[in-house]
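This chain uses plain numbering: 1 for the first residue, then up along the sequence.
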Amino acid sequence: MTMHPIISALKHHKTTVVLVALEIALTCAIVTNALFLIGDRVAAIRAPTGVSDNELVWAQTSGLDLGQGGKAGDDTAADMAALQGMPGVESVVTTSGLPLSGDMFSRSVYRRSGDKGSSLDNVVEYMGSPGMLRTLGIKVSEGRDFLPKEHVDYDPFKKGQLPPTVAIITRTLAEELWPGQDPLGKTFWQDSNGKDALQVVGVVDHLLNPQINNAQGIDRSFILPVAMVRGGLYVLRVKPGARGAVKRDLPEVLTRIDPLRMVTEDHIYSDTVSDFYHGDRAMIWVLVVVTSCLLALTALGVVGLSSFWVQQRTRQIGIRRAIGATRRDILRYFQFENLLIVTAGIVIGSLGAVGLNLWLMQRYELAHMPLAWLATGAVVLWLLGQLAVLGPALRAARVPPVVATRSV
């Protein structure tokens, strides 16, 4: 198929062609970024938490301040014993947090002893009592679990306590501390003065942070073995069928141990994960609706333009049919013409998509859009354009030559 007749025909409708190309460009810029955001959020929702989502129930309590006598609700050992005795409960631990649970503690760690310039900031610190990995279902991909003797009495907010000497870290943190190296046996520090050294004894592939943001990332964290996390979370591993009953009875069990405290949180963990991503799911649906409406309007514009041109070019179609053009030739003509217009719009729209993404990065701290998403947007619009022009093109191809020539 020669380009000259198509280019010549488009030159006679410059204004219309420009308006349609600009409509496609605007659609391309918006749809490409929307598809990127949808894909990014879907990937985040599908990211493994690193724990057994469907087998955990967790709770947190708050005791009354009794002044010099301390706080009511400090008998953590008695709480754990009572929780362990509940029907359906397999094991109980105390932790400083859970993936996607909200509250977290982050700190700076140091690659080299006494070197402040070797710091890595905003690293999430998890602490857990004996059996934490087994109860939560955390899988160690390299190295080992903590030994019983490695669990020590430690509270990061109290002075004078010696921290643990070993840690289990995530794969992400290992790559940031020692890129391309085996992290097992290596040491990092919690203090810029070369104190509080931690030796890596294990690595986990997945363990999401309690919160996900640009500062802490997704899973840049490490786990410390402690004897007990007072004021932390009680995490219960239960049989899947018993989760509802355990959650229902849990507040009463803890209140029976100490009436002078409140159970401030009690959740089935899978509900915690679902609630965390509630806003992301809502955003996905909004973007899907907006994108669908925009694509529908663009398709209607292409259909209307193509139908108008088919009606205007009845004589030209008839002449081409009379001199030997087949129905397939007519169909290909309109499809290729549409392809040229859509491609021009995509080229302009791709530049707009990059600019829009840069603006969103500056204003809302969104991630950089990989160029592969530009190709995705282009393919969507090419397919949309070809589907939209198919109906008018088929009508043009069905025009008999004798009817077309009589319309002169």
Side-chain angles (χ1 to χ4, degrees), residues 33-60 95-109 119-128 132-133 136-141 156 167-177 179 183 188 203-224 229 232-233 235 264-265 267-288 357-358 360-370 373:
N33 278 277
L35 291 176
F36 165 64
L37 291 175
I38 291 172
D40 182 66
R41 290 299 87 204
V42 169
I45 292 173
R46 290 182 176 178
T49 61
V51 301
S52 300
D53 296 6
N54 297 319
E55 299 180 44
L56 302 180
V57 175
W58 66 278
Q60 187 167 34
T95 72
S96 59
L98 278 171
L100 310 182
S101 63
D103 294 335
M104 66 181 180
F105 174 68
S106 63
R107 65 187 312 154
S108 296
V109 298
S119 68
L120 187 62
D121 301 326
N122 297 308
V123 179
V124 174
E125 178 185 277
Y126 282 105
M127 294 185 297
M132 173 185 175
L133 271 64
L136 270 61
I138 300 173
K139 305 297 183 183
V140 178
S141 57
I168 293 175
I169 67 176
T170 61
R171 182 74 60 187
T172 299
L173 179 58
E175 284 298 319
E176 293 196 36
L177 288 173
F188 64 99
V203 179
V204 297
D205 288 332
H206 304 290
L207 184 62
L208 295 184
N209 293 339
Q211 294 180 11
I212 295 177
N213 52 47
N214 290 334
Q216 280 82 16
I218 295 176
D219 59 353
R220 189 210 287 180
S221 59
F222 64 97
I223 306 171
L224 294 181
V229 183
L233 309 182
V235 183
T264 56
E265 302 276 359
H267 304 279
I268 295 174
Y269 181 66
S270 57
D271 294 340
T272 300
V273 176
S274 179
D275 291 343
F276 185 88
Y277 290 120
H278 175 76
D280 294 295
R281 290 194 299 273
M283 185 187 75
I284 288 172
W285 281 112
V286 169
L287 290 174
V288 166
N357 178 247
L358 292 175
L360 290 173
M361 288 173 60
Q362 294 176 353
R363 294 294 298 272
Y364 300 102
E365 298 184 355
L366 295 181
H368 174 70
M369 179 177 65
W373 285 101

Tell me, please, which residues at least two apart from Arg107 pass side chain to side chain donor-acceptor pair (under 3.5 Å).
-> Glu125, Gln190
Check for a donor-acceptor pair, side chain of Arg281 on one end and backbone N or O of Ser274 on the other, with a separation under 3.5 Å.
-> yes
Side chains of Ile223 and Leu133: closer than 4.5 Å at any heavy-atom pair?
-> yes
Can you tell if the side chain of Leu56 reaches within under 4.5 Å of the side chain of Thr272, non-hydrogen atoms only?
-> no
Give the ring-plane orientation class for Phe188 versus Phe222, where under 30° counts as parallel, over 60° as perpendicular and anything between as tilted.
-> perpendicular
Heavy atoms of Leu120 and Glu176 approach each other most closely as CD1-OE1, 3.4 Å
Would you check if the side chain of Ser119 reaches a backbone N or O of Asp121 as a donor-acceptor pair within less than 3.5 Å?
-> no
Would you say the side chain of Leu177 lies within less than 4.5 Å of the side chain of Pro183, judging by non-hydrogen atoms?
-> no
So do the side chains of Tyr269 and Ser52 get within less than 4.5 Å of each other, counting heavy atoms only?
-> no
Could you list the residues that satisfy side chain to side chain donor-acceptor pair (under 3.5 Å) with Thr172, not counting sequence neighbours?
-> Asp219
So, the side chain of Thr264 versus the backbone of Gln60: is there a donor-acceptor pair under 3.5 Å, distance only?
-> yes
Is there a side-chain contact between Pro210 and Phe105 (heavy atoms, below 4.5 Å)?
-> no
In short, Ser221 meets Val123 closest at the heavy-atom pair CA-CG1, 4.2 Å
Just by modelled atom types, is the Ala59 backbone N or O under 3.5 Å from a matching donor or acceptor in the Glu265 side chain?
-> no
Evaluate the side-chain proximity of His368 to Asn357: yes if any heavy-atom separation is below 4.5 Å, no if none is.
-> yes
State whether the side chain of Thr95 and the backbone N or O of Gly97 hold a donor-acceptor pair below 3.5 Å, judged by distance alone.
-> yes
Does Tyr277 reach the main-chain N or O of Ala44 with its side chain, forming a donor-acceptor pair under 3.5 Å?
-> yes
Criterion side-chain hydrogen bond (donor to acceptor under 3.5 Å, both in side chains) on Trp58 and Ser101, from CA distance to verdict = CA-CA 10 Å; Trp58 66 278; Ser101 63; over 6 Å; no
Pairing residues for Asp280 by the salt bridge (charged side-chain N to carboxylate O under 4.0 Å, His left out) criterion, not counting sequence neighbours = Arg41
